[in-house]
Amino acid sequence: GIVIGGLCPSCLRLAQRKASRIGRLAAIATTLPLAAYVAWSLPPDRTARLVGAASVVLWYVLTFLIAKRVALEWTK
């Protein structure tokens with residue numbers, strides 16, 4: 001059975017898909033300005049560029065996960 005306040009499996013899949021889309025858009029919207037800033041502000045040193053690229057990727061992943069979780073809680 002469904003717990004109180006829970007969703008059926010098909011409704012949960014729909015909410016997760018919607019939350020994933022919202023999370024992806026939020027992550028892209030915040031990562032693009034960060035990537036531009038990192039590209040223009042870092043020196044042309046290879047190590048600095050690699051650390052900057054890794055930080056941008058990490059930012060995208062963390063922002064996606066957080067925004068997805070928040071959106072899932074809102075769409076339930």
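This one's a predicted model, so the numbers in the text were calculated from it and none came from an experiment.
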Handout entry: Cluster overlap Leu42 with Val56, hydrophobic side-chain contacts below 4.5 Å
Key = yes

Spatial distance of atom [atom1] ([X]) from atom [atom2] ([Y]) [nearest 0.5 Å]:
| X | Y | atom1 | atom2 | answer |
| --- | --- | --- | --- | --- |
| Leu14 | Cys8 | CG | SG | 9.0 Å |
| Cys11 | Ile2 | SG | CD1 | 7.5 Å |
| Leu25 | Phe64 | CG | CZ | 10.5 Å |

Handout entry: Test item: Tyr60 and Arg24 side chains (from C-beta on) under 4.5 Å apart, heavy atoms
Key = yes

Whether the side chain of [X] engages the backbone of [Y] through a donor-acceptor N/O pair (distance < 3.5 Å, no angle test) should be reported.
| X | Y | result |
| --- | --- | --- |
| Thr75 | Leu72 | yes |
| Ser20 | Gln16 | no |
| Arg49 | Ala39 | yes |

Handout entry: For the student: nearest non-hydrogen atoms of Gly23 and Ala67, plus distance
Key = CA-CB, 3.7 Å

